[in-house]
Amino acid sequence: MKIIEKVEAIKQQELSATENLETMYETIQEKNDDINAFVEIDLPRAQKTAENIDRRLKTGEKTGKLAGLVIGIKCNINVMDSTISAASPTLKEYLGSYNATVIERIMKEDGIIIGLTNMDEFAAGSSTETSMYGPTKNPSAEGRIPGGSSGGSAAAIAADMCDIALGSDTGGSIRNPASHCGVMGFKPTYGYVSRQGLLDLAMSLDQIGPFAKDTTGLALMLDTITGYDQYDPTTFEGKPDDFMPETSNTSLNGMTVGVVDEFIDVTDDKINAQVNKKIDDMISLGAEVNELSFDDISLGLPTYYLINYVEFFSATRKYDGREYGERIEEVCGPEVARRLEIGSYISQKEFSGKYYKKALQARSLILNDFQKLLNDVDIIAGPTVPKLPHMIGEEISTMDMYSYDVLTVIANITGIPASSMNAGKVDGIPVGLQLQAKPKDDHKILSTMSALENQ
């Protein structure tokens with residue numbers, strides 16, 4: 001049953017919101033001790049919401065577009081009275097004092113927030129192994145990482161613990177775990193979704209977005225959370241057109257798809273083979289494929305991390321132990337400490353021009369050159385992650401960890417929309433197809449995903 005069909009079943013009272021919640025909660029009870037996707041469950045609040053929806057349906061009152069759907073929230077997004085720790089000892093006792101804008105919008109549309117999902121500490125990671133709550137397991141690849149930093153949300157969807165989940169994407173933190181777990185993940189155009197209430201990793205890169213098992217789930221959540229927010233000056237005026245109509249698309253006639261040679265060059269051959277099958281599917285649906293070249297790929301990771309280090313260091317100065325929990329430098333894990341130390345170093349007056357300003361110049365170069373590629377095509381398609389996820393606990397170098405994101409950081413550097421959907425399996429492990437488009441062409445991405453899904 002697709003997500004939109006479940007909503008209709010609830011609205012027609014063929015399935016109650018309470019029954020849907022009970023089913024999801026039973027699955028959480030059965031699986032979560034092993035998978036560790038959820039770090040906090042608020043069942044009384046969820047039950048109260050479900051009962052309210054059922055009561056209103058029985059009396060013929062109007063209900064929202066998410067009516068009765070069970071939603072998981074990454075634990076760096078503020079939910080009032082929940083532990084918004086960002087999986088760090090720094091904030092282990094911090095209770096959200098307000099709802100993020102996206103949470104208010106979910107509640108307005110009658111989504112049932114079941115609890116908070118696991119993540120890398122302060123979103124600094126690509127494996128969900130750095131959490132103070134312990135690692136999350138990949139439900140779709142036994143013994144392996146789920147990806148990160150939004151690994152808990154991706155795992156919750158893959159394990160059928162909720163209908164839709166929210167994550168945040170700084171350099172691939174939605175798309176990376178979506179790829180590893182074999183689900184759908186969507187990073188909207190920067191400015192389409194309010195960041196008010198999100199605990200920043202890097203303010204100019206972060207964007208909140210959804211996970212789901214089908215495009216109707218993505219569309220319902222995008223229709224809910226996109227649009228201008230007076231509390232976030234980075235959001236665009238107005239609201240995008242509805243996304244739901246895109247989910248009925250079955251053709252790619254007239255669409256031009258770009259395939260970047262350098263993206264293929266850095267990716268494992270077996271992953272490329274699966275992605276190529278999806279590109280062949282796009283051709284069979286009517287798309288024309290053009291080969292492209294992007295020489296700036298080598299600039300992506302260093303540019304991304306220099307910006308990330310500086311903005312993360314700046315964002316964490318409020319965690320000084322006086323107002324927000326513990327002093328971050330005294331309790332954080334090694335990856336957070338590494339980013340703070342480097343961020344502090346290159347933020348110093350004598351170095352800021354040498355490193356950070358150079359990174360911003362490189363960002364402009366990448367933006368201009370990638371925009372030229374997008375001017376010639378509707379969509380750029382390729383692998384999401386260039387290699388398979390490692391085993392939980394396996395020792396890998398920092399650079400090997402960072403290299404998971406070589407194909408995803410471009411979308412954050414440039415602010416464009418990007419998604420990942422399942423492209424099949426390699427040695428039994430899911431791999432992802434990444435789709436990218438021009439800013440505000442999010443609908444084209446969802447339409448393309450829908451055509452492939454409906455094939």
Side-chain angles (χ1 to χ4, degrees), residues 1-12 65-66 69 157-158 160 163-164 174-175 178-179 181-189 192 209-224 226 239-260 273-292 374 376-384 411 416-425 430-455:
M1 180 187 294
K2 287 190 174 183
I3 297 297
I4 188 62
E5 294 170 343
K6 180 180 280 191
V7 173
E8 291 305 315
I10 291 171
K11 291 195 173 190
Q12 295 299 319
K65 57 175 63 77
L66 298 177
L69 295 181
I157 294 296
D160 296 316
D163 294 303
I164 307 173
I174 289 173
R175 291 158 288 150
S179 175
C181 293
V183 299
M184 292 184 174
F186 202 106
K187 184 204 87 71
T189 294
Y192 258 177
F211 292 90
K213 278 196 170 179
D214 63 60
T215 55
T216 68
L218 296 180
L220 281 169
M221 186 56 77
L222 289 170
D223 282 340
T224 298
T226 54
K239 183 172 175 61
D241 293 337
D242 285 350
F243 286 90
M244 186 53 64
E246 307 296 342
T247 63
S248 60
N249 188 40
T250 57
S251 171
L252 297 179
N253 287 333
M255 178 165 285
T256 305
V257 177
V259 177
V260 178
Q274 291 300 316
V275 170
N276 286 338
K277 289 179 182 178
K278 281 294 183 183
I279 292 172
D280 288 342
D281 289 343
M282 296 170 82
I283 294 172
S284 71
L285 289 167
E288 175 186 334
V289 173
N290 290 349
E291 288 191 16
L292 304 172
L374 288 167
D376 294 330
V377 296
D378 295 296
I379 294 286
I380 289 178
T384 307
I416 64 174
S419 71
S420 182
M421 66 184 298
N422 190 23
K425 293 185 176 183
V431 296
L433 170 73
Q434 180 174 222
L435 301 174
Q436 302 177 86
K438 299 181 188 72
K440 299 187 178 182
D441 270 0
D442 305 52
H443 292 78
K444 285 186 179 180
I445 292 179
L446 193 64
S447 180
T448 304
M449 295 175 76
S450 176
L452 289 168
E453 178 187 29
N454 293 330
Q455 187 180 29

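Minimum heavy-atom separation, G254 to D378: O-OD2, 3.9 Å. Heavy-atom minimum distance, M244 versus I4: CE-CD1, 4.2 Å. The shortest heavy-atom contact between M421 and E453 is CE-N, 4.3 Å. In terms of heavy-atom proximity, A287 sits nearest to V257 at CB-CG2, 3.8 Å. Considering all non-hydrogen atoms of both residues, M255 and K444 come closest at CE-O, 4.4 Å. What you find for L218 and M184 is that their closest heavy atoms are CD1-CB, 3.8 Å.
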Derivation and outcome, side chain to side chain contact (heavy atoms under 4.5 Å, CB included), residues L220 and D223: CA-CA 5 Å; L220 281 169; D223 282 340; 5.6 Å; no
Side chain to side chain contact (heavy atoms under 4.5 Å, CB included) between I445 and S419, worked out: CA-CA 7 Å; I445 292 179; S419 71; 3.2 Å; yes
Chi angles and distances behind the side chain to side chain contact (heavy atoms under 4.5 Å, CB included) call for F186, M449: CA-CA 10 Å; F186 202 106; M449 295 175 76; 4.2 Å; yes
Salt bridge (Lys or Arg N to Asp or Glu O under 4.0 Å) assessment of K6 paired with D163: CA-CA 9 Å; K6 180 180 280 191; D163 294 303; 2.7 Å; yes
Stepwise side chain to side chain contact (heavy atoms under 4.5 Å, CB included) check, V260 with I380: CA-CA 7 Å; V260 178; I380 289 178; 3.9 Å; yes
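Contact check for L69 versus I164: side-chain heavy atoms found under the 4.5 Å cut-off. V289 has its side chain within reach of I279: a pair of non-hydrogen atoms, C-beta onward, lies under 4.5 Å apart. Within the 4.5 Å cutoff, the side chain of K213 has no heavy atoms near those of the I3 side chain. In this structure, the side chains of L433 and L452 come closer than 4.5 Å at one or more pairs of heavy atoms. Proximity of L222 to P210: side-chain heavy atoms (C-beta onward) are separated by under 4.5 Å at one or more points. Taking the side chain as every heavy atom from C-beta outward, L292 and V259 never approach each other to under 4.5 Å. At a threshold of 4.5 Å between non-hydrogen side-chain atoms, the residues S179 and S420 count as touching.
With S450 contributing its side chain and L446 its backbone, the two residues share no donor-acceptor pair below 3.5 Å. Checked by atom type and distance alone, the side chain of K278 never pairs as donor or acceptor with a backbone atom of G382 at under 3.5 Å. Remark: the backbone N or O of N249 is paired with a side-chain donor or acceptor of N454 at under 3.5 angstrom. With hydrogens and angles disregarded, a donor-acceptor distance shorter than 3.5 Å links the side chain of K187 to the backbone of I416. At least one donor-acceptor pair under 3.5 Å links the side chain of K438 to the backbone N or O of L374.
Exactly one residue among D281, T250, L252 makes a side chain to side chain contact (heavy atoms under 4.5 Å, CB included) with Q455. That residue is D281.
Within the model, atoms CD of Q436 and CZ of R175 stand 6.5 Å from one another, a figure rounded to the nearest 0.5 Å. In this structure, CD in E288 is found 12.0 Å from CE in M282, a value given to the nearest 0.5 Å.
Under the 30°/60° scheme for interplanar angles, the aromatic rings of H443 and F243 are found to lie parallel.
Using a 3.5 Å distance cut-off with no hydrogens or angles, the side chains of T189 and D442 do pair a donor with an acceptor. There is a side-chain donor-acceptor pair under 3.5 Å between T226 and K239.
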